[in-house]
Each structure stands twice: as C-alpha cells, then as structure tokens.
Amino acid sequence: MRRVLAVDYGGRRTGLAVSDAAGITAQPLEPINSSDLPETVQGVVEVAASREVGVILVGMPYMPDGSEGEQASHVRLFASELAKQLPEGTEVIFKDERHTTKEAASLWRQAGIQGKKAKPFLDSTAAVVLLRDYLEETVV
C-alpha cells in the first residue's frame with residue numbers, strides 16, 4: 001500500500017494527516033496556516049514529497065443533503081491546482097468529510113480540551129478522522 005495523505009482544506013488553516021507505509025495508522029501533521037491558495041498547495045506538495053505519498057485524500061464538504069455548496073467549489077479548485085503540481089501517478093481522491101470536524105471536536109472534548117484551546121488541532125484531527133475512515137474502508 002502507498003502512504004496516504006489526508007487533507008482537510010480550509011480558507012485559513014488546512015489540516016493534514018498521513019498514514020504509515022502499511023496503511024494501518026493515521027498520524028496528524030502540523031496544519032498549513034495560510035489563506036493563500038498557491039502557498040497552501042505548495043505546502044501540501046512538499047509534505048507529500050517528503051512523506052513519499054502516493055494517494056492524497058481530499059475532504060469534500062458536502063451539504064447535509066449530499067449536494068455541493070460554495071465551500072465544495074473552493075475545495076475542487078484547491079484539488080485541481082494541487083493535481084497540477086503532483087508527480088505523475090499520485091492519485092487525488094475526494095471523500096465526504098461532513099462529520100469529521102464534529103468528531104474531531106468530540107475527541108478533544110473527551111480529552112478535556114475545548115474551545116479556543118482545541119481550535120489549532122481541530123483541522124489536523126479532522127484529517128485523521130477522514131484518513132482513519134478511508135483506511136478502514138480500503139483494508140476490507
């Protein structure tokens with residue numbers, strides 16, 4: 001299995017998580033703190049290269065009814081720009097991320113960390129949740 005990098009793209013902060021080489025675990029990485037699309041894309045490309053990633057999992061923020069809203073168009077633009085800069089053979093996959101942020105916040109609440117203290121960790125934790133779900137689906 002190739003390493004997978006999960007990306008929770010956001011306007012100001014983009015959360016990242018990476019799998020181990022066996023595709024069993026998901027570890028959070030430092031988020032990319034930038035509202036500049038080219039800078040964020042470059043940051044993800046650098047992380048993907050340094051971690052020898054073969055698959056990039058991009059969280060897609062579908063609406064509750066499954067349709068795509070305005071934020072989804074921003075994510076598609078990000079993924080399009082990202083794909084242009086990735087090495088040939090690197091796969092970009094979209095995955096529904098509708099509940100990942102809520103689950104990430106719940107995990108931090110269970111750990112006794114809430115609100116502003118948890119905020120810097122939420123995006124990468126959401127990426128971990130996204131990646132964990134993907135890995136569980138692909139192992140079957």
query = Under 3.5 Å, is there a donor-acceptor pair linking the side chains of D65 and S67?
reply = yes

ILVMFWY cluster, [X] and [Y] together (side-chain gap under 4.5 Å):
X	Y	result
V129	I56	no
L37	F94	yes
L57	V75	no
V92	I32	yes

Nearest non-hydrogen partners of [X] and [Y], listed with the distance:
X	Y	answer
L130	V7	CD2-O, 4.1 Å
P31	G15	CB-CA, 4.3 Å
G54	R2	O-NH1, 3.3 Å
S19	L131	N-CD2, 3.4 Å
Q71	Y9	NE2-O, 4.2 Å
D8	A126	OD2-CB, 3.5 Å

query = Once you round to the nearest 0.5 Å, how far does CD of E97 lie from CE of M60?
reply = 8.5 Å

Is there a donor-acceptor pair closer than 3.5 Å between any side-chain N or O of [X] and the backbone N or O of [Y]?
X	Y	result
S124	L16	yes
R3	R51	yes
R13	N33	no

ask   = Should we say atom CD of E68 is surrounded by more than 12 heavy atoms from elsewhere, each under 6.0 Å from it?
value = yes

message = A quick test of your reading: do over 12 heavy atoms of other residues, nucleotides or ligands sit less than 6.0 Å from CD of E91?
response = yes

Close side-chain approach of V55 and Y134, heavy atoms under 4.5 Å = yes

message = Any non-hydrogen side-chain atom of L29 less than 4.5 Å from a side-chain atom of L5?
response = yes

query = What residues, two or more places apart in sequence or in another chain, satisfy side-chain contact (heavy atoms from CB on, under 4.5 Å) together with T25?
reply = D20, Q27

Please tabulate, for side-chain N and O atoms in residues 80-88, each donor-acceptor pair with protein atoms closer than 3.5 Å (sequence neighbours left out).
residue	atom	partner	partner atom	Å
E81	OE2	K84	NZ	3.0

Where at least one partner belongs to residues 40-62, residue pairs that pass ring-ring contact (aromatic ring centres under 6.0 Å, His included), sequence neighbours excluded = none

